Structures are given as structure tokens and as C-alpha cells.
Undergrad: 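This is the structure I want to talk about, given as C-alpha cells.
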Amino acid sequence: MTQTPVRLHTWLRLQREGVPLGVRADALCRAVRGCPEVRQAFYLSWQPGARIYSHEGGGQQLPPGQGDPLQASDEALAARLATEGRLGLDQVRQLECWLAGRLRRAGISHGQAFALSLDAGPPGMLLVEVHAGVSLDWLGWVHELLTTLLGSINGLLRASPLLGQDPQPSLLLDAEARPLELNAALLTLLGEQPLERALRLLPVNHVALVRACLDQARAIEGVEAQCGERVLIWTYIPDAQERRVLARCREATAQILTEREAARARRLYRLITENTTDLISRHTPDGRFLDASPASWTLLGYWPEELRGQLAQCLFHPQEVAQLVQRAQDALEQDGYHTMTYRIRHRAGHYLWFETASRAIRETYTGAVVEVVSVSRDITARVQAEENRRRLAEVVEANTDPVLFVDPAGHITYLNPAARKALGLAARQPMPALSEVIAADDLARLQREGWSTAERLGVWKLDTRLQPPAGGASVPVSMVLLAHKSAGGERYYSLVARDMTERELREAQQRRHQDELAHTARLVTLGELASGIAHEINQPLAAVMNYAGASQRYLQALGSNPEAARRVAQGLERITEHANHASEVIKRLRAFLRKGQRRMQALDVAEVAREAVRLCAWEAGASQVAIEEQLPENLPPVFADRVLLEQVLLNLLRNAIDANREAHPGQPSLIRLIARAEAGQVLIEVRDQGPGLDEEALGRIFTPFYTSKPDGLGLGLSMSRSIIEGFGGALDGMPDEAGGLLMRCRLPRQ
């Protein structure tokens with residue numbers, strides 16, 4: 001309600017100043033809609049050619065009427081308004097006219113239509129819809145008021161068109177910064193928004209600005225106001241006599257945004273220039289520094305101020321300067337762009353590799369190069385990496401070990417000359433498949449665990465044989481699978497195969513030497529066990545002689561003694577039994593003394609251990625040493641050579657017997673022989689009750705030729721460890737918890 005006088009005043013001023021009809025119509029409708037009883041207001045003018053009323057202004061419009069638009073006519077309505085001046089909208093809806101259909105389609109029925117002409121030409125009509133239940137009597141007073149005001153305005157001289165014809169949005173404010181009048185441009189800017197929204201277009205401190213403008217009697221310019229996404233620049237012009245202020249604004253959104261973007265770009269450029277690791281520099285056409293970014297200090301050791309005026313070529317490597325300068329000048333003159341890689345001297349004296357991209361800045365009219373802008377970066381690390389890769393490639397090519405590159409799918413992508421030679425491939429022959437050069441079992445193991453292990457740990461090893469695709473002898477190799485990752489994160493692999501032919505020969509020869517030495521050690525052992533062996537053979541031989549003598553006596557008494565025949569048969573049976581026992585002893589000795597290549601087979605550890613106990617049983621008994629066996633029958637088998645494993649256990653038992661005899665001379669003692677399965681291994685332990693060994697002696701017992709026995713060679717434990725390691729196991733010695741020494745042998749289960 002408080003804004004209605006301002007709206008009415010604004011319409012009257014616009015009507016007086018003769019602004020376009022559409023602007024005046026919008027101002028009139030806005031003033032009428034300021035009444036709280038009014039719902040909508042429309043101004044329509046008569047169109048003689050079309051014989052209908054049509055909307056004026058840019059506000060909301062009524063929908064089209066019903067029927068054929070070519071037959072539309074509002075002549076009946078115009079005649080009634082000419083004679084009666086105003087009609088209720090319910091009466092208009094009953095007339096045979098085009099506007100009646102428009103009202104029905106819009107659902108408008110409560111209100112009045114006034115005959116009101118804003119121009120001296122064709123008649124016009126103001127259509128007012130009020131809220132339901134509101135009386136229509138007061139609308140007659142509104143019609144008379146508007147008609148009177150129009151008559152009085154039309155009789156007056158035109159006012160100054162300064163406010164109304166101002167193309168910039170403007171409004172008059174009183175001394176308290178309250179709006180008095182708005183011009184057409186500001187009304188257009190507001191659109192359908194209420195007039196109070198005009199104050200939101202002003203700067204937030206507009207009240208203080210109006211007072212300052214009047215108090216200081218001066219204009220205030222360039223005041224920025226933000227209204228949503230829109231930016232307005234206001235100017236306040238005082239009228240000291242009338243104590244009011246004309247506020248004019250201009251749309252500056254694009255300008256301000258452009259300036260802000262430019263300022264942001266300048267700040268960004270400055271930040272990039274000051275913080276980039278690349279050197280950005282400007283030069284004269286002959287290469288003299290005009291300016292440089294702060295990166296010159298971190299890259300070259302010079303501050304930008306030190307470089308200004310200095311020729312860039314003075315920092316080039318002497319061997320490259322002449323060629324680089326001439327080539328750069330020619331390229332910039334012809335193409336306007338040039339990139340070069342070169343060496344440049346650091347302030348400390350060493351040279352760095354630089355890559356510089358330069359662009360020529362030309363004079364607009366003549367096209368002459370007036371300035372050069374360059375961006376330079378230190379590529380020393382990249383050049384060194386490329387050099388290292390080149391050297392590495394040369395090493396791979398010259399390597400005598402076969403090298404194969406493999407992609408993630410398992411396809412061979414590269415073979416070095418050594419690999420081609422090992423596989424019997426010519427230089428231009430196509431790459432074979434991985435399945436053609438590696439045995440199926442090894443390839444399956446590679447697929448099963450090789451790729452994943454290499455991905456996880458970076459490396460995986462495999463002993464295999466390379467098979468030439470065209471046939472021929474395979475090559476034993478120790479192959480290493482390496483997983484690599486490129487800069488882009490892609491995986492690739494390399495197989496480095498070490499030719500193991502010579503190693504196989506050396507290992508075979510070493511095994512032969514070890515077997516010979518083990519055979520010699522067995523001979524020595526049997527020599528040391530001669531007394532026990534003689535006793536074990538003499539016992540069955542003496543029994544045979546006794547039973548033979550008794551059988552002869554019984555044969556002579558066959559006629560007189562009825563039991564003689566049975567006694568002879570019994571004697572012959574006992575002779576056979578003791579003869580077989582002697583034969584078994586000889587057989588065991590022959591097996592123990594077997595000479596030749598080792599025979600790897602699945603063995604029952606308990607059975608081999610019992611055989612070793614039998615061989616040293618007489619020596620143990622003579623020393624009053626009891627051997628306690630804890631050998632389960634359900635032990636998993638191990639893969640080893642029977643004779644060599646028996647030799648190791650016999651050596652450990654005899655050492656334990658010697659230790660017990662030393663610690664308990666003439667007294668009974670105990671040795672425990674224990675076997676058990678644990679974590680994929682079979683453990684064999686020999687625990688004695690000897691004096692034990694100190695830490696220094698424990699560290700040396702497996703050293704060849706080290707012995708604590710006055711007549712020992714010091715090869716027994718060293719050889720035993722080598723034999724066990726040849727089976728893939730381990731042999732260690734440690735103090736026993738109960739005293740004495742514990743020798744523990746670990747063998748992988750089959």
C-alpha cells in the first residue's frame with residue numbers, strides 16, 4: 001500500500017513525458033496492481049484494422065479467444081464501452097465478442113472493464129480483476145480518478161524528458177533515500193518484480209550515499225552494487241534546491257566480470273610465472289635477456305636481475321653455441337617457433353641439459369621479430385635416463401646370458417643375440433611362443449606362481465631348460481623372471497636365463513668327488529668298527545660249528561638213540577638260521593660299502609635309522625651306551641640316497657657314543673634317537689649325555705678338518721652337512737636342554 005503513490009506518480013510522470021505507450025501501460029497496470037484488492041490488471045488498445053482489443057506493454061497477457069481468429073471482433077464491446085464507460089466482467093463474458101472468449105479461457109469473471117485512452121488516438125480499455133468477495137463499487141471511483149488525472153495531464157506542457165528519456169535505469173530519491181519516481185528503463189529492468197525490489201538494485205549503503213551527496217553538494221560516481229549475478233554501477237546526482245537525488249546506473253556485469261577475469265588471469269599468470277619450475281624468459285631478437293622468471297635461480301643459480309641484458313648464448317656450451325644460435329634465428333624468422341635441446345652452464349660451473357621452446361613476437365605491420373618468449377626446462381635427469389637406457393640396451397644386446405622380454409599375456413616380444421643363439425634362431429626369424437621354448441611342467445609352474453610372485457615381490461626364480469623350437473639339445477638355465485612397471489603403470493616382464501651347462505658339469509663332478517670321499521669315509525668307518533663286525537660274524541660262525549659237531553655226534557648214534565634223527569634235523573635248522581644271519585651281516589656291509597652314483601628314492605626314515613643303529617650296536621654295547629629309539633612307524637617318506645643318509649646317521653651316533661664314553665668312562669649312559677614330522681619336514685635328532693661344546697666349538701664343528709679327537713680327520717660332520725644339504729635339508733648342532741649335545745637333521749618330506 002505504501003508503494004502505490006510512488007507507482008501512480010511514476011505512471012503520471014511517464015504519461016506526461018510521452019514515453020512509448022507500452023511503457024506507460026505497464027506503469028499504469030503496476031500502479032493498479034498495487035491495490036491489495038486487485039488481482040490482475042491489463043491495458044488493451046483498440047485496433048481498427050483488426051476490430052479487436054490487443055495488449056500493450058510487456059506484462060502478462062490474456063489467452064487467445066475461442067473460434068476462428070479471422071472472424072474475431074470486439075465491436076459490440078467497444079460500442080457498449082463508448083456509451084456506458086465501464087462494464088462488469090460478468091457482462092463482458094455474455095457479449096458476442098472475442099474478448100469474452102479470452103476472459104472465459106482465463107477464468108476471469110469478477111471485476112470491471114474501463115474505457116480509458118492513454119493516447120489521443122484510438123480508444124483504450126483498462127481491465128481490472130479483483131479478488132473474489134470484494135465489492136466492485138469502489139472501481140467506479142478509480143475510473144473517475146484515472147480519467148480526471150489523464151485529462152489534467154494532457155492539458156499540461158510536457159515536463160523535462162531528462163528522467164523519462166534517460167536510456168539508463170534511473171530513479172528519483174528523496175532526502176531519506178525513498179524512491180519518488182522510476183523511469184522507463186528502470187521499470188524495464190525490474191520487469192514483473194514489485195517496485196520495492198528497486199531498492200535492492202541500489203548499493204547496500206545507498207542511504208548514506210544520498211545523505212553524503214546532498215550534504216556535500218557533489219555527485220558520487222562509480223558505486224558498485226551486486227544484485228544476484230548482475231553488477232550495476234551507480235551515479236548519484238544531487239538536486240540541492242528540491243532536496244532530492246537522481247540515481248542513475250549502468251549495466252556493468254560483462255565489464256566487471258571481464259575485469260575480474262582479467263585480474264584473475266593476471267594473478268594466475270603471475271603465480272604460474274613465479275612458482276613454475278620451468279624458466280620463462282623474454283629476449284631481444286639477438287638473444288639478450290629482457291626478463292626472466294624466478295626459476296632462473298633454482299635452475300641456473302642466477303637471479304632474474306643478473307640475467308637482464310646478458311646474452312643467452314654466453315651460457316651455452318662452447319661446442320654448440322654457433323650452430324644453436326644460427327639455427328634458432330633462422331627458425332624464428334621463418335616459422336616463428338623453435339624448440340632446441342642443448343647444454344647450458346650453471347653458475348657453479350657445471351653444465352645442464354635444457355629443452356627450450358621459443359616463440360617470436362612480431363611487429364603488427366612489418367612482421368619483423370621484435371621479441372622472443374622462451375620456456376625452458378631442465379631435462380638433465382631425462383637425458384641421463386635415456387643415456388642409461390641406451391647403455392642398458394647395449395648391455396642387454398652384448399650380454400652372454402639369454403634375455404627374453406615377455407608381455408603380460410606371455411608372448412615373447414624380444415630376444416637378445418645370446419637368446420637367439422641358445423634357441424637356434426636366426427636374426428630375422430619370428431619370435432617363438434613361450435610354450436615352444438620351456439617345458440610344459442615349468443610353463444605351468446610359471447603360470448601358476450611365477451607371474452603373481454613377480455608382481456608381488458618383483459622377482460621369481462626357476463631352474464629349467466631352454467628347448468630350441470627347431471629341435472636339438474636343450475640348455476640348462478637358471479631363469480629369473482623380473483616384473484617391471486612403465487611410467488604409464490603398464491606391466492611388462494623380462495626373463496634372464498643364466499646358462500648352467502658348466503655348473504651342471506661342475507656339480508656332477510663335485511657329486512662324484514663327494515661320493516668318492518663318502519665311500520672312503522665308509523671304509524674308514526668300517527675299519528673302526530672291525531671289532532664289532534668280527535664279533536657279529538664270529539658269533540653265527542661259532543654257532544654253526546657247534547651245531548655241526550653236535551649233528552655229527554647224533555648221526556653216529558642213529559641206531560642206538562631214537563632222538564638222534566630229530567636232533568640232527570634241529571641242528572641243521574639252526575645251522576641254516578645262523579648262516580643266514582651271517583649272510584645278512586655281509587649283505588649289509590656290502591650295501592654300506594656300495595660305490596657309484598647316488599640313488600635318490602623315497603625312504604622310510606625309521607628303517608634307515610634302525611639299520612644305522614645295528615651297525616654301531618656292538619660298539620655302543622662295549623662302551624655301556626644304550627641307544628633309545630623313538631621312531632614312529634607313520635613318518636612321511638623323504639627323498640634321499642639310502643646309503644648316504646645311513647652314513648650320516650651312523651656318523652652322528654658314533655660321535656654321540658664317543659662323547660658319552662668320554663663323559664662316563666666305565667659307566668652306563670644313554671643316547672636318544674628321535675624322529676618326528678614337523679611343518680612339512682622330517683626331523684631326526686641325536687641327543688647324547690656327553691660333555692657338550694662351548695659356543696666357539698659349536699661354530700667350528702662343521703668346518704672341514706676341525707676335530708677334537710686325537711686320531712680324527714675332521715671330515716665327518718662337514719661331509720654329513722654337505723650330504724644333507726644335497727638332499728635339500730639342513731644339519732645343525734646345539735646344546736641339549738638336559739646336558740650334552742643335540743644334533744638335528746631336517747629333511748623335506750616328499
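Keep in mind it's a predicted model, so treat the numbers as computed, not measured.
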Undergrad: When you check the gap from the basic side-chain N to the acidic O, do Asp732 and Arg721 get nearer than 4.0 Å?
TA: yes
Undergrad: Nearest heavy-atom pair of Pro285 and Val372: which atoms, and what distance?
TA: CA-CG2, 4.4 Å
Undergrad: Hey, does the side chain of Thr380 reach the backbone of Trp353 with a donor-acceptor pair shorter than 3.5 angstrom?
TA: yes
Undergrad: Taking the side chain from Glu386 and the backbone from Ala381, do they hold a donor-acceptor pair closer than 3.5 Å?
TA: no
Undergrad: Please assess Asn651 against Ser720 for the test side-chain hydrogen bond (donor to acceptor under 3.5 Å, both in side chains), listing each intermediate value before the final yes or no.
TA: CA-CA 8 Å; Asn651 187 38; Ser720 296; 3.1 Å; yes
Undergrad: Return the minimal non-hydrogen interatomic distance between Ala602 and Pro637, and the atom names on each side.
TA: CB-CB, 4.3 Å
Undergrad: Count the heavy atoms of every other residue, nucleotide or ligand shown that sit under 6.0 Å from CZ of Arg420, and state whether that count exceeds 12.
TA: yes
Undergrad: Walk me through whether Asp330 and Gln326 qualify under side-chain hydrogen bond (donor to acceptor under 3.5 Å, both in side chains).
TA: CA-CA 6 Å; Asp330 293 344; Gln326 187 60 47; 3.0 Å; yes
Undergrad: Side chains of Val406 and Ser494: closer than 4.5 Å at any heavy-atom pair?
TA: no
Undergrad: Does CD in Glu397 sit with more than 12 non-hydrogen atoms of other residues, nucleotides or ligands closer than 6.0 Å?
TA: yes
Undergrad: Ignoring hydrogens and geometry beyond distance, is a side-chain donor-acceptor pair present between Asp407 and Thr413 at under 3.5 Å?
TA: no
Undergrad: Under a 3.5 Å distance rule, please check whether Asp335 uses its side chain to pair with a backbone N or O of Tyr337 as donor and acceptor.
TA: no
Undergrad: Which pair of non-hydrogen atoms, one from Arg347 and one from Gly301, has the smallest distance, and what is that distance?
TA: CD-O, 3.0 Å
Undergrad: Between Ser281 and His283, do the side chains contain a donor N or O and an acceptor N or O under 3.5 Å apart?
TA: yes
Undergrad: Just wondering, do Met479 and Arg498 contact through their side chains at under 4.5 Å, heavy atoms?
TA: no
Undergrad: Please find the pair of heavy atoms, one from Leu635 and one from Ala677, that lie closest to each other, and give the distance.
TA: CD2-N, 3.8 Å
Undergrad: Begin from the C-alpha positions of Arg672 and Glu629 and carry the test salt bridge (Lys or Arg N to Asp or Glu O under 4.0 Å) through to its verdict.
TA: CA-CA 6 Å; Arg672 288 188 294 166; Glu629 299 179 13; over 6 Å; no
Undergrad: Could you walk me through whether Tyr493 and Leu481 pass the side-chain contact (heavy atoms from CB on, under 4.5 Å) test, one step at a time?
TA: CA-CA 7 Å; Tyr493 307 88; Leu481 175 66; 3.9 Å; yes
Undergrad: Going by atom types only, do Tyr342 and Thr356 share a side-chain donor-acceptor pair under 3.5 Å?
TA: yes
Undergrad: Thinking salt bridges, do Arg744 and Glu685 make one under a 4.0 Å N-O criterion?
TA: yes
Undergrad: Here's a test for you: under side chain to side chain contact (heavy atoms under 4.5 Å, CB included), which of Asn655, Leu741, Ile671 qualifies with Val686?
TA: Ile671
Undergrad: Grab the two heavy atoms, one from Phe354 and one from Leu299, that are nearest each other, plus how far apart they are.
TA: CZ-CB, 4.0 Å
Undergrad: On a heavy-atom basis, which atom in Ala640 and which in Leu603 lie closest, and how many Å separate them?
TA: O-CD1, 3.5 Å
Undergrad: Are the side chains of Leu466 and Ser474 in contact, using a 4.5 Å heavy-atom criterion?
TA: no
Undergrad: Does Cys314 offer a backbone N or O that forms a donor-acceptor pair with the side chain of Arg345 under 3.5 Å?
TA: yes
Undergrad: Verify the distance criterion only: is there a donor paired with an acceptor across the side chains of Trp451 and Gln447 at less than 3.5 Å?
TA: yes
Undergrad: Would Glu387 and Arg391 pass as an ion pair if we require N to O under 4.0 Å?
TA: yes
Undergrad: I'd like to know whether CG of Asp441 has more than 12 heavy-atom contacts from other residues, nucleotides or ligands below 6.0 angstrom.
TA: no
Undergrad: What do the steps show when you test Leu673 against Ile684 for side-chain contact (heavy atoms from CB on, under 4.5 Å), and what is the final call?
TA: CA-CA 7 Å; Leu673 176 61; Ile684 307 172; 4.1 Å; yes
Undergrad: Would you say the side-chain atoms of Asp278 pair up with the backbone N or O of Ala295, donor to acceptor, closer than 3.5 Å?
TA: no
Undergrad: If you count heavy atoms of other groups shown closer than 6.0 angstrom to CD of Glu394, is the number above 12?
TA: yes
Undergrad: Are there over 12 heavy-atom neighbours, none belonging to Glu737, within less than 6.0 Å of that residue's CD?
TA: no
Undergrad: For residues Glu628 and Gln630, is any side-chain donor paired with an opposing acceptor at under 3.5 Å?
TA: yes
